Every structure is written in structure tokens, then in C-alpha cells.
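Some notes on the structure that comes next.
Quantities reported herein were computed from a predicted structural model and do not represent experimental measurements. Proteins come first, then strands; the chains are lettered A, B, ... in the order of their sequence lines, and each starts at number 1.
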Amino acid sequence: MQKWACFENSLQPLFTPALFSSGNFQTARNCTAKIRHSLFQPTDSHPMTVRTRFAPSPTGYLHVGGARTALFCYLYARKHGGQFVLRIEDTDLERSTAESVNAILEGMTWLGLDYDEGPFYQTQRFDRYNAVIDDLLARGLAYRCDCSKERLEKLRVDQMARKQKPRYDGHCCQRQIDANTPHVIRFKNPPDGVVVVDDLIRGRVPFANSELDDLIIRRSDGAPTYNLSVVVDDADMRITHVIRGDDHLNNTPRQINILKAMGHEPPRYAHVPMILGDDGARLSKRHGAVSVVAYRDQGYLPEALLNYLVRLGWSHGDQEVFSIEQMIELFDIGDVNKAASAFNTDKLDWLNQQYLQHADPQRIDRLLRPHLGHLGIDPATGPALTAVIKAQAARAKTLTELAEISAFCYRDFDEFDEASAKKHLRLIAREPLEKIRAAFELLANEDWTIETLKHTVERVAETLQINMGKVAQPLRVAIVGRAASPGIDETLLLVGKDATLRRIDKALAYIAARGAEM
RNA sequence: GCUCCCUUCGUCUAGUGGUUAGGACACUGGCCUCUCACGUCGGCAACAGGGGUUCGAAUCCCCUAGGGAGCGCCA
């Protein structure tokens, strides 16, 4: 019980039915109900309340890295009684897709990461971005640039050759380019001084303005760029804490400069380290599941994934298992580690198994059905599914595995597991099997109970003057197909009398055939 | 190339100048036992390297190495 000792002192025990039936596990079908209208209207909310946002770009699925960032944003907002907003950064019209948006919403819903506002779509806020850009232009804080891609490319190559960092040289800064000629708009970055990113995780990170250049904030097609739209949104949406991947740390000084040009105070920043694959390399498709809904499909419980994710880069003493309530209470963004961490499926499996065996069987019943269906099994054709779950939950790491190891309760298996049959279905097992079969046949259906079954097996062992194992193991292989299952009495109860007799006959035939071969 | 970030068992981490460097997963040995699993008891295993500062450094400073990110009309 050591591992669970942490709950003894907590007000909110982890495995309460309330936690597991709290409606966090609906499928994506309900997502659409969540999509309120997305045109953000600035409101006069109290400036002091914590507001975080998760701002994915819809160019793929919600992957585990994004999910953890979203979780941190969610936890931080909840901890401080603030709001968590979801914003879809779809300004890249080429790569953004509606399917990706749906996949992200589906992932958020499955994980139960409820947002208070949004989703807001940046593509619906272009007017606002353009107004900000025009204002910057009017105030001389931005300028038009008509440098050709060729000139820019040559500049880059020359600078690299001179071992310099490639930067825009300000060529168009003083030129007065007509608004009618094709152009982009660049932000006039301060030429000198230092911008300090006061990061909640990294600490103070100073950047020299001389390292930065005049970045493009409006493309030639009129669309605003990322660094501009994020800044405008974060300001308009009154985001107080920007929690995001540390690949954005280098963008932050530029964003702070734009924010200041707009007359806003920068929010607090927290750059969380990235998640690596098992092998320490950047997470990618070849590491298997990267999309969170793939974990759902593979039979992981959302609370297990969340628990796994929260412990990646964060910890609270020696505690490993956290309910959502405990995470909200204990999590603090400032406690997050600086170093990247590797995703370890073994540990996720362990957590999932822990949650599986402590979960309410009624809920697992519901979640397990699709996995059984996938195997072509209809639970109505056999024992109560909750009974099977109670017997098997500690034996499976995932719902998928739980379905696989429980299939024998609902249908005859095709073949014996080779190693198990070889070891247990031998000539020496014939007599015990025949004896036990005869005893079972005499049992009335109403005597097919756990107690009677236990006694019957024990009596056969006694009669034959052999160990329990010499009877139970051949019997187990006979009725399950392999040498692993719940206790033999429980297993018999689940399989039922008819199937038991039928399968023992099959095992006896197998032994006979095998004996003939030898 | 330049700028910035990072570095404790295989992995996730505890640790904030004095610890036999703790826990968890994995691996492994025992117990429990009709099997498997659970549970339980034990074992293996780490401060990237080098210089300082200090009576004393995983902890503070510097250098090196290794890893990562950014330097786009991507986000």
C-alpha cells in the first residue's frame, strides 16, 4: 500500500467514483457544441485575474507535447481561479486545415481540458491585426519594404559567408515606398539596448537588440505574420501568463518589442522544455503514437496520460499519482524543469495499469466495449462485463490488452498457446482432466459457483494425490488457451459450464492426437 | 556561422554548501501463490569533463564537451 499512502492525508481521495464519472471522457462528437463564436471581443475583465492560453496551429493533430503545454496552462489557470482560453493560430492558410482543428478539439475534450473562452480563430481577426499594423506604420514604428527575395537571399548568403548571423539590413527603413507598389511591412526594432525576458522557468534571459532585426509583420498578400498576431491577441485577450514551448524563447524579445511599441506591458512568460522520444531524439511519427487520440484508441485512460504528462518536467516530492484536483492544488509553473525530457511508454503503461485496476468497473465497462467490438466480441454473449473487468483489471496495461486477455470469456479460442500446451497438455494431464470433467458434468447449473468450483478442483487434486497445480494448470490451458488467467475458480465461473466441458474435450483430443504422434 | 537555452541512475525525477545522493518506471532476486498479474521485501544503477571559490560542493563562478532551439513573406 505504500504507493498509495499519499492519499491518506489528502482530503480528496484519488479513486472516487465522482472523479471518474465526471464527464471528462466524451468523444469528439460533443466538440461542436463547444465551438462558440470565435470573433474575440475584448472585454473589461479584471486585469488581475490569471489568464492563460493554449494556441496551437492547426497543421496536425494534438500531440503529447502540445497536450502537456495545454495541461500546464489549464492547471495554472485553475489553480489561480483564472481563465484558460483556446486560440487557433491559423494564419498560415496553406497548411491549416479544418480536420486539424477538429483533431485538436477532440484531443482537448478527451483529456478533459476544458477552456473557458474560445476557440478563437486568428483568421477572423485580420482586420484587427491590420489596424494595429497601420497604426504602427502611422507612428513610424514600422515601414514598407519592397526588397526582392533575391536580394534578401543574397544578403543572407553573404552574411553567413562572413560568419555573421543573417539579419535584415534595414535597406528600406528610410525609403518612402509607395503603398501601391507590392511590399511587405516590417517592424522597426529598436537598434540598441537590451530586452530582458523574465521567464518563470528560465529566469532572466537578456537579449541584445543588436541581435534582432526588422521582422516582417505583414506579408505582401496582406496577411499578418505570427509574431504580430500572437502579440495582438495576447494583449487583446488580456493574457497574463504565456506558457508555451521553449522553441519560442528566441521569439520572445521580438514580441516584447512589438508589445511595447503598441503601448502594452508584456505578460509573464514561461517557456516549457520540449518532450523527446524514447530514444532522446525529437518526437516524431516513427516513435509511434504522437497524437493524443491515438493513445485513447490504444486503450489508455485520459487521467493516466494526464498524470504521465504532468510528471514530465514537474514533480511534487516523491508522489507519482495525482488526481486532477491534486494537480490543480499542487502544480506551479515555476517548479517546472528546464531540461527536455524523454517520453517513456513503460511508465505510462504502469500508470495506466494503476488507474485501470482502481477505476470504477462500470466506467471501464463502457470504455472497454469498443475494444471488444474491435475483436468482434459482443459482451452480451457471455458473463457480465463488470465481473470480467474485476477479475482482469490488474492484469492489463491498456484497455486493448484487457479486451484481448478477456476474449476467452466470450468465445472459444482457435489454438492453444504453443508453449503452454506443450508444457501442460501432456499425457500426464489426461487423467486429471478426465476426472475434473466428470465432476463438472455432475454439477447442476446452480452449483456452478465460486465455492463449489474451488472445492471440486481441490477434491480432484486430493483424490489423485497430486498438487493443485497439476490439475489447475492443464485445466487453465484447456479453457483459456494459455497458462495465464485469474484464479482457476474465477476463470471457470466466467467461462461457464458448457464452454468448460466443450473446451476440456478439445484439450483431451489435443492430448490424444499429440500422444499418437509421440 | 551567430545568438539563446539545457546537462543527477537506461528513463522520469528529489536535492537550493555538510545526505550512506532519496523516490518512481524498467531490469533483477526473494516472498505470496493453482498460473499470470497485483501486492510486498531486497538488489543493480547517476551528479558530462576540467578548473576555481570554500574547512566543505550535485548545489556558487569560469572554461570545455555534448545536446537543443532560433536566425522564413512557417507557427
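- Nearest nucleotide to the side chain of A/R95, out of B/A75, B/C2, B/C36: B/A75.
- Residue A/W350 places its side chain closer to B/A26 than to any other of B/U3, B/A26, B/A14.
- At the heavy-atom level, A/R202 lies under 4.0 Å from the strands shown only through sugar-phosphate atoms.
- Side-chain proximity of A/F207 to B/U3, B/U35, B/G23: nearest is B/U3.
- With hydrogens and angles ignored, a donor-acceptor pair under 3.5 angstrom links the side chain of A/D318 to the base of B/G22.
- Residue contacts shown for A/T91 are limited to sugar-phosphate atoms, with no base heavy atom under 4.0 Å away.
- The existence of a salt bridge linking A/R53 and A/D233 is excluded, since no basic side-chain nitrogen approaches an acidic carboxylate oxygen closer than 4.0 Å.
- Ranking B/G1, B/C34, B/A75 by closeness to the A/S57 side chain, first place goes to B/A75.
- Between the side chain of A/Q319 and the base of B/G23 there is no donor-acceptor pair of N/O atoms closer than 3.5 Å.
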Criterion ring-ring contact (aromatic ring centres under 6.0 Å, His included) on A/W314 and A/F72, from CA distance to verdict: CA-CA 10 Å; A/W314 177 82; A/F72 287 176; 7.9 Å; no
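- Side chain of A/R156, nearest nucleotide from B/G39, B/A75, B/G72: B/G72.
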Steps toward ring-ring contact (aromatic ring centres under 6.0 Å, His included) verdict (A/F54, A/Y115): CA-CA 9 Å; A/F54 177 53; A/Y115 34 91; 9.5 Å; no
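- Residue-to-nucleotide contacts include a donor-acceptor pair under 3.5 Å from the side chain of A/R476 to the base of B/C34.
- Spacing between atom CG of A/D278 and atom P of B/C27 amounts to 14 Å, rounded to whole angstrom units.
- Taking only distance into account, the side chain of A/S220 meets the base of B/C73 through a donor-acceptor pair shorter than 3.5 Å.
- Atoms CG (A/D346) and P (B/A24) sit 16 Å apart, rounded to a whole Å.
- Scanning atom types as modelled, one donor and one acceptor separated by under 3.5 angstrom connect the side chain of A/N250 and the base of B/A69.
- The side chain of A/H248 sits closest to B/A75 out of B/A75, B/G1, B/C5.
- Heavy atoms from other residues, nucleotides or ligands lying under 6.0 Å from CZ of A/R430 number 12 at most.
- Checking B/C71, B/C25, B/A75 against the side-chain heavy atoms of A/N344 singles out B/C25 as nearest.
- For A/N251, taking side-chain heavy atoms from C-beta onward, the closest of the listed nucleotides B/C6, B/A75, B/C38 is B/A75.
- A/Y143 does not carry A/R175 over the face of its six-membered ring by the limits of under 6.0 Å from the centre and within 45° of the normal.
- Comparing B/A75, B/A69, B/C25 by their closest approach to the side chain of A/N227 singles out B/A75.
- A/L312 comes within contact range of the sugar-phosphate backbone alone, with a heavy-atom separation under 4.0 Å but no base atom that close.
- Nearest nucleotide to the side chain of A/Q473, out of B/C73, B/G1, B/U35: B/U35.
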